[in-house]
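Accompanying notes for the structure given below.
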Amino acid sequence: MKETVFTKNLLLWNKKSNTRLMPWKGEKDAYKIWLSEIILQQTRVEQGWAYYEKFINAFPTVHHLAKAPEQQVFKMWEGLGYYNRCKNLIETAKIISEKYDGKFPDSYEEIRNLKGIGPYTAAAISSFAYNLPYAVVDGNVERVLARYFGDTTPVDTTIGKKFYTALATKLLDKEQAGTYNQAIMDFGAVICKPKNPLCEICVHQKNCTAFQTNNVGNLPVKKKAIQKKIRWFYYFIIEVNGATYIHQRKQNDIWQNLYEFVLYETSEPLYQQEIIESTFFKNLFGKQKINVKKVSPVYKQQLTHQTINGQFINVSINKNISFLKDYKLVINKEINQYAFPRFITAHLQQTHTEQQLF
DNA sequence: AACGCGGGGCC
DNA sequence: GGCCCAGCGTT
């Protein structure tokens with residue numbers, strides 16, 4: 001196939017002007033490539049960078065990762081978000097370590113069938129590790145192609161995925177798939193950025209439909225985001241003899257597999273008095289004598305489609321609450337071995353800092 | 001086909 | 001406050 005102008009100019013830019021450096025760039029170890037790709041799913045390079053190095057240091061091979069206690073892996077993932085990635089990471093590590101004897105599969109289909117690996121990640125690993133001719137289609141690629149070809153197909157639809165995958169496959173330099181894929185993503189991140197793209201120095205300027213028609217700011221097209229939810233989380237930090245109740249979130253909801261305290265969730269804010277008079281509170285403590293030691297300020301954590309307002313109520317009691325079945329009673333010194341959502345970690349650190357002051 | 005899943009940086 | 005990020009699994 002004759003190389004397109006787009007591909008030629010992209011590779012020329014890559015060779016002459018692409019100075020972007022990242023720890024995993026040029027990596028040939030499929031395990032390390034895989035790890036970097038999982039970390040980077042829906043995650044900015046700057047945010048994932050330190051996590052990648054931390055993981056590689058702790059787990060130099062897939063066997064190290066497969067053998068690690070799940071709790072430790074989640075603790076290392078803490079704060080990175082999309083925690084299902086971590087669960088799938090662990091599962092896939094075990095399969096590669098045991099079923100594949102530590103050797104990462106080297107066909108697109110086998111790679112694609114692993115948990116946590118979709119079309120993008122399979123193409124990335126296939127091309128970077130084995131130079132197989134699969135085109136990556138991520139946010140960068142969609143944006144670059146939508147602008148260059150002036151296409152208004154919404155990228156966040158099945159039709160859009162299919163369209164951009166076909167287009168990207170056509171443009172791919174199949175002789176150097178890894179280099180090409182890295183180049184187009186670097187180009188999207190460095191030049192054809194979402195905001196303030198560097199059109200003035202862009203090698204595609206003459207051929208870019210969006211630039212020529214003054215539509216760079218209008219592309220790519222996305223369908224409207226869904227409405228945001230607001231939730232109130234009231235956490236009881238219940239202490240009994242120097243230990244605290246925690247519980248792993250297992251329900252189909254945010255923060256799956258992370259830990260939390262005893263949660264009373266409402267859809268509307270409550271006054272302290274309303275909390276104390278609530279059925280939840282009465283069922284929890286019954287008639288037993290409790291000591292409300294402290295009530296925190298309201299924390300706010302902004303997720304993509306939800307706002308979480310959280311407040312902590314420190315309570316000490318003398319007797320165990322027998323019906324807290326799915327809870328662990330963890331001695332306070334060991335609390336920090338568990339992975340928590342971001343604002344809980346922040347609160348625990350805040351509390352810890354205050355205690356240092358006195 | 002639509003929806004839910006985090007946290008952070010930038011405008 | 002909104003948008004977007006080296007997407008994926010579930011329903």
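The chains referred to below are lettered A, B, ... by the order of the sequence lines, with proteins before strands, and numbering in each begins at 1.
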Can you list the steps and then say if A/Asn314 with A/Glu239 is a side-chain hydrogen bond (donor to acceptor under 3.5 Å, both in side chains)?
CA-CA 8 Å; A/Asn314 287 78; A/Glu239 213 179 310; 5.3 Å; no

Could you tell me whether the side chain of A/Thr43 has a donor or acceptor atom within less than 3.5 Å of a complementary atom in the base of B/dG6?
yes

B/dC10 phosphate, OP1 or OP2: any side-chain N/O from A/Arg44 under 4.0 angstrom?
no

Applying the side-chain hydrogen bond (donor to acceptor under 3.5 Å, both in side chains) test to A/Asp186, which of A/Asn18, A/Asn14, A/Thr19 qualifies?
A/Asn18

NA contact type, A/Trp24, heavy-atom cut-off 4.0 Å: base, sugar-phosphate, or nothing?
base

Distance check, C1' atoms only: C/dC5 and B/dC5, in whole angstrom units.
14 Å

5′-ward residue of the pair A/Asn196/A/Tyr83 relative to DNA chain B
A/Tyr83

Output yes when at least one side-chain N/O atom of A/Gln41 is less than 4.0 Å from OP1 or OP2 of C/dG7, else no.
no

For nucleotides C/dC3 and B/dG6, find the distance between their C1' atoms and express it as a whole number of Å.
15 Å

Nearest-Å distance, NZ (A/Lys87) to P (B/dC5)?
16 Å

Separation of C/dA6 atom C1' from A/Tyr134 atom OH, nearest Å, is 19 Å

Using a 4.0 Å heavy-atom cut-off, does A/Glu46 contact any base of the nucleic acid, only the sugar-phosphate backbone, or nothing at all?
nothing

Rounded P spacing from C/dG9 to B/dG8 in Å
24 Å

B/dG9 P sits how many Å from A/Lys193 NZ, rounded?
16 Å

Tell me which one of A/Phe261, A/Phe74, A/Trp77 satisfies ring pair (Phe, Tyr, Trp, His ring centres under 6.0 Å) with A/Phe340.
A/Phe261

Quick note, A/Thr158 side chain, CB onward, closest among B/dA1, C/dA6, C/dC5 is B/dA1

Centroid-centroid distance, A/Phe104 to A/Tyr130, less than 6.0 Å
no

Taking the six-membered ring for Trp, are A/Phe281 and A/Phe285 ring centroids under 6.0 Å apart?
yes

Roughly, in whole Å, what's the span from CG in A/Asn84 to C1' in C/dG7?
12 Å

Nearest-nucleotide check on DNA chain C, A/Asn88 vs A/Ala189; residue mapping nearer the 5' end is A/Ala189

When rounded to whole Å, the NE2 to C1' distance for the pair A/His305 and B/dA2 reads 12 Å

Comparing nearest nucleotides in DNA chain C, the 5'-proximal residue of the pair A/Arg85, A/Pro220 is A/Pro220

Could you give the distance separating B/dG9 and C/dC8 at their C1' atoms, to the nearest angstrom?
23 Å

Scan A/Arg249 against the nucleic acid and name what it touches under 4.0 Å (heavy atoms): base, sugar-phosphate only, or nothing.
nothing

Lys NZ or Arg CZ of A/Lys103 over A/Tyr100 ring: under 6.0 Å, within 45°
no

To the nearest angstrom, the OH-C1' distance between A/Tyr120 and C/dC5 comes to 12 Å

Presence of A/Lys222 side-chain N/O under 4.0 Å of C/dC5 phosphate oxygens OP1/OP2
yes

Side chain of A/Asp138 (C-beta onward), nearest among B/dG6, C/dA6, C/dC4:
C/dA6

Taking any heavy-atom pair under 4.0 Å as a contact, classify A/Gln182: base, sugar-phosphate, or nothing.
base

Let me know the distance between NZ of A/Lys161 and C1' of C/dC8, rounded to the nearest Å.
11 Å

Mind calculating the distance between CD (A/Gln256) and P (B/dG4) to the nearest angstrom?
14 Å

Please evaluate the base of B/dG6 for a donor-acceptor partner in the side chain of A/Thr304 within a cut-off of under 3.5 Å?
yes

Which part of the nucleic acid, if any, lies within contact of A/Leu80, taking any heavy atom under 4.0 Å across all strands shown: a base, the sugar-phosphate backbone alone, or nothing?
base

A/Glu260 vs A/Tyr235, test: side-chain hydrogen bond (donor to acceptor under 3.5 Å, both in side chains). Steps then yes/no.
CA-CA 8 Å; A/Glu260 64 183 356; A/Tyr235 278 122; 2.7 Å; yes

What contact category does A/Gly188 fall into here, base, sugar-phosphate, or nothing, at under 4.0 angstrom with non-hydrogen atoms?
nothing

Phosphate OP1/OP2 of C/dC5: any A/Arg143 side-chain N/O under 4.0 Å
yes

Is the distance from OP1 or OP2 of B/dA2 to the nearest side-chain N or O of A/Lys223 less than 4.0 Å?
yes

Is the phosphate of C/dC8, meaning OP1 or OP2, less than 4.0 Å from a side-chain N or O of A/Thr121?
yes

